[in-house]
Amino acid sequence: FLVVFLGCFPLSVFAIPAFFKRYEREELDTRSWMLILFWVVMILFTLVQTKIVHYSSLAYLPLSFLAAMYLSNSSFRIPYVRSYANWMFLIIGIVFGLALTALPLAASQFKDLLIANMHDPFAEASFTNDSIQWSGGEFLIGVTYLLLVLISAWFFFKRFMIRGLFTICLSTAICLMLYLYAVVPKIEGYTQRPAITFYEELQGKDVYVTTLGYKSYAHYFYARIQPPTQDEALTRFKQSLLKSFGKESYNGLSQENKASFNNQVNEWFINGDIDKPVYFTTKITYPDILVDGVEQLEINGGFKFYRRMP
């Protein structure tokens, strides 16, 4: 719930009053259907074990509808305006504005202090990436957004709903686009760019690419890994492994057997009879792979990169 509430700001704030009040009678009762859709998505998202943000994206539609219903009615019917929604908008907007301001400031102006207080070797190594260059003015995007949130909140408290809505929609769109252009790529440079660059260099090559010690789907996309063929040694090994578990597919395995399956596949990559080069990515916190035939290529950021030739 918190992910959707914060991630869909500001519409999530203005959707809340519509959860508790029926504004006008509708022939199709769209509001009820939207409430049902929202709660079905949120309950299922809460129950599933894999918490990927995109799984809750269907909730954006009913949330948008409910927010539009509240804003439409409150724009023309002053008694429908809810002061608690305005206060929630102001408080959360200030938090967002401060966060957007603090993040580039901390990364550019207080980097050494930030690293000194880190207790995660991977994060510390990632922030030592000197290729990331900050101009020093990125924090102004957050400052601008904070000011526009305050202006929008003033409009809402004065019951100028249309003006407030126009101001916050325009400021959110522009500031987030600027943030995506000026700040997000730099943060990505700290968190995963060394690994992404490594994967991209393997595009078009007939090799195996995998990670050890952590889960990621990045290598499938950026290395453009092709579907396995029946002729590959890895496919034959996986098929024999599934037979040992008495299953025909990976999805038929229990969680415990899946973990064992993955560990044995990784062990095969390191010591097995491979038929083409294998490239490994690990975090620096993962023990060094000290096996004959496995060559450490480099250490970049918080990652270590290895290669094993057949």
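These figures come from a predicted structure and were not determined experimentally.
Taking the six-membered ring where the residue is Trp, F280 and F269 present perpendicular rings, their angle passing 60° and hence far from 30°.
Crowding of F19 atom CZ: a count of heavy atoms from other residues, nucleotides or ligands under 6.0 Å exceeding 12. With a 6.0 Å radius and a threshold of 12 heavy atoms from other residues, nucleotides or ligands, Q203 has its CD atom above the threshold. Taking a 6.0 Å sphere around OH of Y217, one finds it holds 12 or fewer heavy atoms contributed by other residues, nucleotides or ligands. No more than 12 heavy atoms of other residues, nucleotides or ligands lie within 6.0 Å of CZ in F166, so this atom counts as exposed by the packing criterion.
Here F221 and Y199 keep their ring centres 6.0 angstrom or further from each other. Taking the ring centroids of Y279 and Y208, they lie at or beyond the 6.0 Å cut-off. Taking the six-membered ring wherever Trp is involved, the centroid distance between the rings of F198 and F303 does not fall below 6.0 Å.
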Show which side-chain atoms of residues 95-107 pair as donor or acceptor with protein atoms under 3.5 Å away, not counting sequence neighbours.
| unit_1 | atom_1 | unit_2 | atom_2 | d |
| --- | --- | --- | --- | --- |
| T101 | OG1 | G97 | O | 2.8 |
| T101 | OG1 | G142 | O | 3.4 |
| T101 | OG1 | V143 | N | 3.2 |

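Under the salt bridge (Lys or Arg N to Asp or Glu O under 4.0 Å) criterion, K247 pairs with no residue, sequence neighbours left out. Considering only residues two or more places apart in sequence or on other chains, F14 meets the ring pair (Phe, Tyr, Trp, His ring centres under 6.0 Å) condition with F89, F156.
Residues R193 and P185 have side chains in contact (heavy-atom distance under 4.5 Å, counting atoms from C-beta outward).
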